[in-house]
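Heads up: numbering here begins at 1 and tracks the sequence. Worth saying up front: this structure is predicted, and the values here are computed from it rather than measured. Indexing begins at 1, ligand by ligand and atom by atom, following the structure's order.
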Amino acid sequence: MTTCPFSAASRQAVREALSHPHFGVRPTDEPVPRALLGTPAQSIFASLVRMNDGVRQSELKLAIEAALAWHDDDEIRQTAVDVAQRLAGSLTTAEQLTRFNYALPICVLAELLGVAHRDRATLVDEVLAFVRCIAPGGSTEQMAAGAVAAGKLHLRMQQADGPLFVQLCQQVGDRSLAIANAIGLLFQACEGTAGLIGQMQLLANERQQSAEELILVVLQQSPPIHTTRRFALQDTRLEGQPLVKGQSVLVHLKTPEESFAFGHGAHRCPGERWARIIALAAMSVLHIKPEWLSHYRWRVSQNARVAEFYSVQENADDRGDF
Ligand code: HEM
C-alpha cells in the first residue's frame with residue numbers, strides 16, 4: 001500500500017471519494033488490520049457495515065437503518081433523558097463531565113440493546129478500548145487492549161435481549177452478524193456524539209443560543225468526525241489526479257463549500273437522528289459549572305474532535321461511578 005495519502009478537501013473531491021465505486025473503505029490487500037488477525041476483534045471488524053463495501057454493505061446498511069428506525073423520536077428521547085439523568089446525578093468535576101459525554105451515547109444504545117445494566121462503567125471502558133483499536137493510528141498496546149475488549153463485548157452482546165437488538169437480529173437475519181454490528185453501533189456512536197456534546201458545551205458557555213442552534217453551528221463549522229479515509233480499489237483518478245491501486249485518500253469532511261458532518265454516499269451515518277436527540281438530552285439535564293470548561297484538550301485522534309475537560313488538579317482516574 002502507498003503510504004502517502006491523497007487529500008480530498010473540496011466539495012467535489014469529497015463527494016467523488018465517498019461515492020465512486022473505485023474507492024473502498026479498506027485496502028484490497030488488508031480487509032482487516034494485520035494487528036487484529038487471530039484476535040476476537042478480527043471477525044467483528046470483518047462483519048461491520050462500516051468496514052465493508054458493495055452488496056454486503058448495502059444489505060447490512062438497510063437492515064441497520066430499519067432497526068434504528070424502529071424506535072421513534074419520543075422513545076429515544078425518553079431513554080436518553082432517563083440515562084442522562086442517572087449519569088449526571090453524580091457529576092461533580094470536569095473529568096466526570098468528559099466521562100459523561102463518552103458514556104451517554106454508549107449507555108443509551110446499551111439500554112435499548114438490552115445490555116450491561118449492572119455494569120455500565122466496565123461497558124464504557126470496553127467500548128472506548130475497542131474504539132482505540134478500530135480507529136486509525138492505534139499503538140500496539142491500544143490494539144492489544146482493544147482486541148481483548150472486543151472479546152468481552154462479544155460475550156456481553158450474546159446475552160442482549162433489548163428491543164433494538166431483537167430488531168437488529170430480525171432485520172440482519174444472521175445472529176452473529178447482528179452481534180458484531182450491535183457492537184459497531186456502540187463504537188460508531190461514541191466519539192462522534194461525545195464530540196458534538198463537548199463542543200456544544202463550550203459554545204453554550206460563550207453565547208446564548210438554543211441547543212438546536214448549537215448543534216447546527218457545530219455540525220456546520222466543526223464536524224466532530226472531521227476526516228475519514230478511503231482506498232483506491234484500482235488505478236483511478238480523483239479530481240483528475242492519478243491514484244494507484246491501494247493508495248489512501250484522506251477525506252476532509254469540512255470543505256469550504258459544505259460540511260459533511262455525517263458523511264456522504266453509501267456509508268453515510270445512519271445514526272444522525274439518534275445523535276441529535278442524545279445531544280439534546282445531554283444539554284437538557286446537565287447543570288455545568290463554568291469552571292469545568294476552563295481546561296480542556298482535544299482527544300488524541302486522527303479523525304475525531306472531542307473536547308476532554310480536566311480540572312486544575314488533574315485526575316485522570318476521576319470518572320465518577322460510570
Ligand atoms: C454526532 C454524532 C455522530 C457523527 C458526527 C457521526 C458521523 C459519522 C460519519 C462521518 C460516518 C461516515 C464514515 C465514513 O463514511 O467513512 C458515520 C458512519 C456511521 N455511523 Fe455515525 N456519527 C454520529 C453518531 C452516530 C450514532 C449515534 C450512531 C448509532 C446510532 C452512528 C452509527 C453509524 C454507523 C453504523 C456508521 C457506518 C455506516 C456505514 O458504513 O454504512 N453514528 N458516522
At a non-hydrogen distance cut-off of under 4.0 Å, which region of A266 contacts ligand 1 (side chain, backbone, both, or neither)?
-> backbone

Filtering A189, C269, G271 for the heavy atom nearest atom 23 (C) of ligand 1 leaves C269

Identify, for atom 38 (C) of ligand 1, the protein heavy atom at the shortest distance, and state residue, atom and that distance.
-> H267 O, 3.5 Å

Residues R86, E111: salt bridge by 4.0 Å N-O rule | yes

If you scan protein heavy atoms around atom 4 (C) of ligand 1, the nearest is F262 CE2, 3.5 Å

Can you tell which part of V49 has a heavy atom less than 4.0 Å from ligand 1: side chain, backbone, both or neither?
-> both

Please report which non-hydrogen protein atom sits nearest to atom 7 (C) of ligand 1, along with the residue it belongs to and the distance in Å to one decimal place.
-> A261 O, 3.6 Å

Out of G195, P270, G263, indicate the one that has the non-hydrogen atom closest to atom 34 (C) of ligand 1.
-> P270

Taking T98 for the side chain and F309 for the main chain, is one N or O donor matched with an acceptor at less than 3.5 Å?
-> yes

Of all protein heavy atoms, the one nearest atom 13 (C) of ligand 1 is R50 NE, 3.8 Å

Relative to ligand 1, is K61 under 4.0 angstrom through side chain, backbone, both or neither, heavy atoms considered?
-> side chain

Heavy-atom nearest neighbour in the protein, as seen from atom 19 (C) of ligand 1, with distance rounded to 0.1 Å | Q188 NE2, 3.3 Å

Q96 CD to S311 OG distance, which is reported to the nearest 0.5 Å = 9.0 Å

Sidechain N-carboxylate O distance under 4.0 Å for D125, R99 = yes

Part of T193 within contact of ligand 1 (heavy atoms, under 4.0 Å) | both

Could you check Q12 against S10 for side-chain hydrogen bond (donor to acceptor under 3.5 Å, both in side chains), going step by step and ending with a plain yes or no?
-> CA-CA 5 Å; Q12 193 47 35; S10 71; over 6 Å; no

Any side-chain heavy atom of L243 sitting closer than 4.5 Å to one from V249?
-> yes

Heavy atom of the protein closest to atom 1 (C) of ligand 1 (residue, atom name, distance) = G192 O, 3.4 Å

Looking only at heavy atoms, is any part of N181 under 4.0 Å from ligand 1, and if so is it the side chain, the backbone, or both, or is it neither?
-> neither

Counting each atom of ligand 1 from 1 as listed, which ones have a heavy atom of L196 under 4.0 Å away?
-> 1 (C)

So, do E16 and F23 sit near enough that their side-chain heavy atoms are less than 4.5 Å apart?
-> no

Can you list the ligand 1 atoms lying under 4.0 Å from a non-hydrogen atom of Q57?
-> 39 (C), 41 (O)

Any I64 heavy atom less than 4.0 Å from ligand 1 = no

Nearest heavy-atom approach of L293 to Q201 is CD1-O, 3.5 Å

Can you tell which of R268, H226, R230, H264 gets a heavy atom nearest to atom 14 (C) of ligand 1?
-> R230

Calculate, to the nearest 0.5 Å, the distance between atoms CD and CG belonging to E291 and N205 respectively.
-> 10.0 Å

Is there a donor-acceptor pair closer than 3.5 Å between any side-chain N or O of S222 and the backbone N or O of V218?
-> no

Between CD of E141 and SG of C133, what distance do you get to the nearest 0.5 Å?
-> 13.0 Å

Which residue and heavy atom of the protein sit nearest atom 16 (O) of ligand 1, plus the separation = T228 OG1, 2.5 Å

Basic-acidic side-chain contact under 4.0 Å: E213, R207 = no

Any donor and acceptor pair, going by atom type alone, linking the side chain of N101 with main-chain N or O of G195 inside 3.5 Å?
-> no

For L253, the ligand 1 atoms with a heavy-atom partner under 4.0 Å come out as 10 (C)

Geometric N/O contact R229 with ligand 1, under 3.5 angstrom | no

Where on P105 is there a heavy atom closer than 4.0 Å to ligand 1, on the side chain, on the backbone, on both, or on neither?
-> neither

